[in-house]
Novice: 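Input: one structure, supplied below.
All values derive from a computational prediction rather than experimental measurement. Values below: every heavy atom of this structure, side chains too, minus hydrogens, waters and symmetry copies.
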Amino acid sequence: MKKSIHKGIIFSLIILVVLVMSVMLVGCNKVDKKLQSMQSNISYYNNEMLVAEDANFYIELVSGSREKALIADGEVGEMAEYCTMNVTPVNLDMTNRSLTFKVTGEAGVYEGSLEKSIIGINYTANIEELQKLGAIKNVTITLGEQNFEYTLSNINTNGIDYKKAVEIVYNNCAEDLESMFDGNSFKSEIYIKISCDRSKNPKEYFWFVNVVENSDNMFCVLVDMQTGEIIAKKHR
């Protein structure tokens, strides 16, 4: 009889421990709905930047996703993938010249002309259907009969990604973001891009996070890409 009671107590304790552990695990894995809503309302983001530089050009190949119609209205519209190449002449003899390019990937090649910016000395071009090229191997810039070939490197191999940057803003700027939530629902949109301080050697890269409710309520945060530290924040 005593043995039966003893076994019953042990069994009950085991059940209790299992229940407590289950509750603890559920708590640990609980999804933060506010953060989830915020990360779902991103209208523009960079997810990769490849760079190269020599005495002639500084090159950035930036890819990500963005609204097909970029409108700062606090809502996320239909999204589309994109890839942009930015080329900045380091050698001033290369400015105001006609430049073409070739991007070579493991699965294909894409060629085109670089368009000179109306303001500044840089050039840009859109790379169509980047996924068809496969992993990028190199970029060639052509000026007349001269070819300049570059191997690109990923600037964010060991840093935080764009979603982690949004999470850092969420965790550290609760008071600034309070008016942009309706309960657990985030009622604004986010533009997040990679920003570079080219004056530093080696260059420093940051996540520029712009939270937009409307044209009268915007909140900007600069996050260090390697450490996750918030460098600056400002309402505008």
Novice: Do the charged groups of R198 and E204 touch, with an N to O distance under 4.0 Å?
Specialist: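 Salt bridge flag = no for E204 with R198.
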Novice: Rounded to the nearest 0.5 Å, what separation is found between the OH atom of Y58 and the CG atom of N86?
Specialist: 8.5 Å
Novice: In terms of hydrophobic clustering (I, L, V, M, F, W, Y; side-chain heavy atoms under 4.5 Å; direct or indirect links), are L35 and V221 co-clustered?
Specialist: yes
Novice: If you look only at distance, which donor and acceptor atoms sit under 3.5 Å apart when one is on a side chain in residues 175-186 and the other is two or more places apart or in another chain?
Specialist:
from : atom 1 : to   : atom 2 : distance (Å)
D176 : OD1    : H235 : NE2    : 3.2
D176 : OD2    : K233 : NZ     : 3.0

Novice: Answer yes or no: is there a side-chain heavy-atom contact under 4.5 Å between F206 and V223?
Specialist: no
Novice: For the atom pair OG (S188) and CG (N210), what is the distance rounded to the nearest 0.5 Å?
Specialist: 10.5 Å
Novice: Hey, could you give me the OG/NZ distance between S37 and K187, rounded to the nearest 0.5 Å?
Specialist: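 S37 atom OG to K187 atom NZ measures 12.0 Å (nearest 0.5 Å).
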Novice: V212 versus Y191: any side-chain heavy-atom pair under 4.5 Å?
Specialist: yes
Novice: If I compare all heavy atoms of S113 with all of A125, which pair ends up nearest, and what's the gap?
Specialist: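 Reported closest heavy-atom pair: O-CB, 3.9 Å.
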Novice: Does M49 belong to the same Ile/Leu/Val/Met/Phe/Trp/Tyr cluster as L222, with side-chain heavy atoms less than 4.5 Å apart forming each link?
Specialist: no
Novice: Supply the atom-to-atom distance I42 CD1 to E67 CD, rounded to the nearest 0.5 angstrom.
Specialist: 12.0 Å
Novice: Is a side-chain donor or acceptor of E81 paired with a backbone partner of S65 at a separation under 3.5 angstrom?
Specialist: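 Not confirmed, E81 side chain does not pair with S65 backbone.
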Novice: So, is the end of the R66 side chain (NZ or CZ) under 6.0 Å from the ring centre of Y82 and within 45° of the ring's axis?
Specialist: yes
Novice: Using the rule that Ile, Leu, Val, Met, Phe, Trp and Tyr join whenever any side-chain heavy atoms are under 4.5 Å apart, tell me whether Y170 and F208 fall into a single cluster.
Specialist: no
Novice: With S63 as reference, evaluate T84, N47, N46 under the side-chain hydrogen bond (donor to acceptor under 3.5 Å, both in side chains) test and give the passing residue.
Specialist: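 Among the candidates, only N47 passes.
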Novice: Would you say that E149 contacts N147 through its side chain, given a criterion of any heavy-atom pair below 4.5 Å between the two side chains?
Specialist: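 They are not in contact (no side-chain heavy atoms under 4.5 Å apart), so the answer is no.
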Novice: Report the residues that fulfil salt bridge (Lys or Arg N to Asp or Glu O under 4.0 Å) with D197, sequence neighbours left out, ordered by chain and then residue number.
Specialist: K200
Novice: Would you indicate whether the side-chain heavy atoms of K137 and T151 approach each other to under 4.5 Å?
Specialist: no
Novice: When you look at K203 and E53, which way does the salt bridge (Lys or Arg N to Asp or Glu O under 4.0 Å) test go after all the steps?
Specialist: CA-CA 11 Å; K203 295 174 179 60; E53 183 176 20; 2.5 Å; yes
Novice: Within the structure provided, determine whether D93 and T95 are in side-chain contact (heavy-atom separation under 4.5 Å).
Specialist: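 Side chain of D93 against side chain of T95, heavy atoms only: no contact under 4.5 Å found.
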Novice: I'd like to know whether K102 forms a side-chain contact (heavy atoms from CB on, under 4.5 Å) with V109, so could you lay out the CA-CA distance, the side-chain angles of the two residues, the decisive distance to 0.1 Å, and finally the verdict.
Specialist: CA-CA 7 Å; K102 178 172 70 174; V109 173; 3.3 Å; yes
Novice: Show the nearest heavy-atom pair for residues I168 and G228, with the distance to one decimal.
Specialist: CG2-O, 3.4 Å
Novice: Calculate, to the nearest 0.5 Å, the distance between atoms CD1 and CD belonging to I192 and Q39 respectively.
Specialist: 9.5 Å
Novice: Would you indicate whether the side-chain heavy atoms of I230 and C173 approach each other to under 4.5 Å?
Specialist: yes
Novice: Hydrophobic cluster mates of L99, side-chain heavy atoms under 4.5 angstrom, ILVMFWY only, any path?
Specialist: L50, F57, I59, L61, M85, V87, M94, F101, V103, Y110, L114, Y123, I127, L130, L133, I136, V139, I141, L143, F148, Y150, L152
Novice: Under 6.0 Å from the CD atom of Q226, do we count more than 12 heavy atoms belonging to anything else shown?
Specialist: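 Buried by this count: over 12 neighbours within 6.0 Å.
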Novice: Hydrophobic clusters here meaning ILVMFWY residues chained together by side-chain heavy-atom distances under 4.5 Å, can you tell me if V62 and Y205 are in one?
Specialist: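 Yes, same cluster.
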Novice: Assess, by modelled atom type and distance only, whether the side chains of E189 and S43 contain a donor and an acceptor separated by less than 3.5 Å.
Specialist: yes
Novice: Is V90 close to D54 at the side-chain level, that is, under 4.5 Å between some pair of heavy atoms?
Specialist: no
Novice: Are I160 and V51 connected into the same hydrophobic cluster when the rule is that any two of I, L, V, M, F, W, Y join if their side-chain heavy atoms are below 4.5 Å apart?
Specialist: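 Result: yes, single cluster for both.
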Novice: Counting C-beta onward and ignoring hydrogens, is there a side-chain heavy-atom pair between V166 and M38 closer than 4.5 Å?
Specialist: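 V166 reaches M38 side chain to side chain.
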Novice: Any salt bridge linking E78 with K68? Criterion: basic side-chain nitrogen under 4.0 Å from a carboxylate oxygen.
Specialist: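 So E78 pairs with K68 through a salt bridge.
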Novice: Check W207 against Y162 and note the closest heavy-atom contact, atom names and distance.
Specialist: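 Result for this residue pair: CZ2-N, 3.5 Å.
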Novice: Assess whether atom NZ of K164 is packed by more than 12 heavy atoms of other residues, nucleotides or ligands within 6.0 Å.
Specialist: no
